[in-house]
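Each residue takes its place number in the sequence, starting with 1.
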Amino acid sequence: MEIIIAATKTCEHRPILEKVLQAAWLPYKVMYVEEHPEFFEKHHLKHSPLLLVDEKIESVGMPEIDKINELKARIKDISERRTPKRDENHMIPKNIGSEPGSVEVDVTWGSIQSITVAQHVHTVGELEVYDHHKKGFPIIDARKPNTSGSVTIPGSINIPYTELVERMDELDINNPSIFFCNGPQCPQSSTAIKDLLDAGCPADRILYYRGGMHDWITLGLPVQQI
């Protein structure tokens, strides 16, 4: 669902409407007539502010509370309350400039994954991943190569989630494996884990690093080029 506030820059009600939408956890974009006259001409817009949902005018001026509640009821998944997706997105945080320590993060892609991937499968964080690595236990990169951004957690082994079930014999039978992908909004490792469980892999041999490359990179941890 795409929500747009169409308004002039001098519209006194526009900031009030923004606060209403923010309080309702409703994501939106603002289109200013001064910057996008073609948008206003296309939709024959003559009032400010206007509330459009999926290109349909829902209200002229300030909407009634019933309209806001109706919009809230349309959204069933928290992922739909996120910032609208960009036209071009990137899954892996990108370095900014030549100085280390600053990255650009795209917050719009993917679908937010649960912290609990499956019953009896433990979710771990960076400290546990580091300890796992020090012990020489396996860390599995479950991403497809074309989603990797050419970087991974050092020492990890890439087995794309679409191949994991048929390659189960490559997993360590004595120690648990940590599975990761591109982060909290990436479904690749959670899908891999569910497929492994369905194929009979014991839950105590599986650990889920939900933070993935998103959290790993934004915490300044080392990466390995692929």
Side-chain angles (χ1 to χ4, degrees), residues 75-83 85-86 89-94 103 105-226:
I75 297 180
K76 307 300 182 184
D77 187 330
I78 190 173
S79 290
E80 296 179 61
R81 298 186 183 272
R82 298 169 65 199
T83 302
K85 290 184 178 180
R86 299 170 5 147
N89 54 50
H90 57 87
M91 298 182 183
I92 307 297
K94 295 181 177 181
V103 294
V105 175
D106 184 344
V107 302
T108 69
W109 66 274
S111 178
I112 298 173
Q113 304 299 299
S114 173
I115 196 74
T116 303
V117 67
Q119 190 174 15
H120 305 306
V121 173
H122 294 291
T123 300
V124 298
E126 293 73 30
L127 297 179
E128 291 79 14
V129 174
Y130 179 56
D131 188 56
H132 202 80
H133 169 71
K134 287 195 297 182
K135 292 176 180 176
F137 293 167
I139 301 173
I140 307 298
D141 182 344
R143 300 173 296 167
K144 287 185 174 182
N146 65 346
T147 67
S148 71
S150 300
V151 292
T152 190
I153 294 175
S156 63
I157 302 166
N158 178 234
I159 307 180
Y161 75 97
T162 52
E163 303 175 13
L164 260 168
V165 170
E166 62 188 59
R167 295 172 62 180
M168 278 178 60
D169 58 347
E170 298 179 33
L171 300 178
D172 192 324
I173 61 173
N174 299 312
N175 299 297
S177 297
I178 289 179
F179 295 84
F180 74 93
C181 52
N182 277 329
Q185 65 273 58
C186 183
Q188 294 183 88
S189 56
S190 58
T191 300
I193 290 170
K194 292 169 186 175
D195 288 347
L196 286 173
L197 292 170
D198 289 344
C201 183
D204 61 4
R205 284 174 51 194
I206 298 172
L207 296 170
Y208 176 42
Y209 174 38
R210 177 178 178 266
M213 294 307 300
H214 176 279
D215 288 8
W216 192 262
I217 292 173
T218 57
L219 286 171
L221 292 166
V223 298
Q224 176 180 321
Q225 296 294 319
I226 300 174

**Student:** Checking side chain to side chain donor-acceptor pair (under 3.5 Å) for the pair T152/Q224: CA distance, chi angles, key distance, verdict?
**Tutor:** CA-CA 5 Å; T152 190; Q224 176 180 321; over 6 Å; no

**Student:** Which atom pair, heavy atoms only, marks the closest approach of V107 to R82?
**Tutor:** O-NH2, 2.6 Å

**Student:** Would you say the side chains of Q188 and T147 form a donor-acceptor pair under 3.5 Å?
**Tutor:** yes

**Student:** How about R143 and N158: does a side-chain donor come under 3.5 Å of a side-chain acceptor?
**Tutor:** no

**Student:** What are the two closest non-hydrogen atoms of I206 and P176, and how far apart are they?
**Tutor:** N-CB, 4.4 Å

**Student:** Between V223 and W216, is a side chain to side chain contact (heavy atoms under 4.5 Å, CB included) present by the stated rule, with each step listed?
**Tutor:** CA-CA 8 Å; V223 298; W216 192 262; 4.0 Å; yes

**Student:** If every non-hydrogen atom of L196 is compared with every non-hydrogen atom of M168, which pair is closest and at what distance?
**Tutor:** CD2-CG, 3.4 Å

**Student:** Would you sort out whether F179 and L164 count as a side chain to side chain contact (heavy atoms under 4.5 Å, CB included), showing the intermediate values?
**Tutor:** CA-CA 11 Å; F179 295 84; L164 260 168; 3.8 Å; yes

**Student:** Between Y208 and S114, which heavy-atom pair has the shortest distance, and what is it?
**Tutor:** CE2-O, 3.7 Å

**Student:** Is the backbone of I139 close enough, under 3.5 Å, to the side chain of S177 for a donor and an acceptor to pair up by distance?
**Tutor:** no

**Student:** Less than 4.0 angstrom from a charged side-chain N to a carboxylate O is my criterion; do K135 and D131 meet it?
**Tutor:** yes

**Student:** Is it true that the side chains of Y209 and E126 contain a donor and an acceptor less than 3.5 Å apart?
**Tutor:** yes

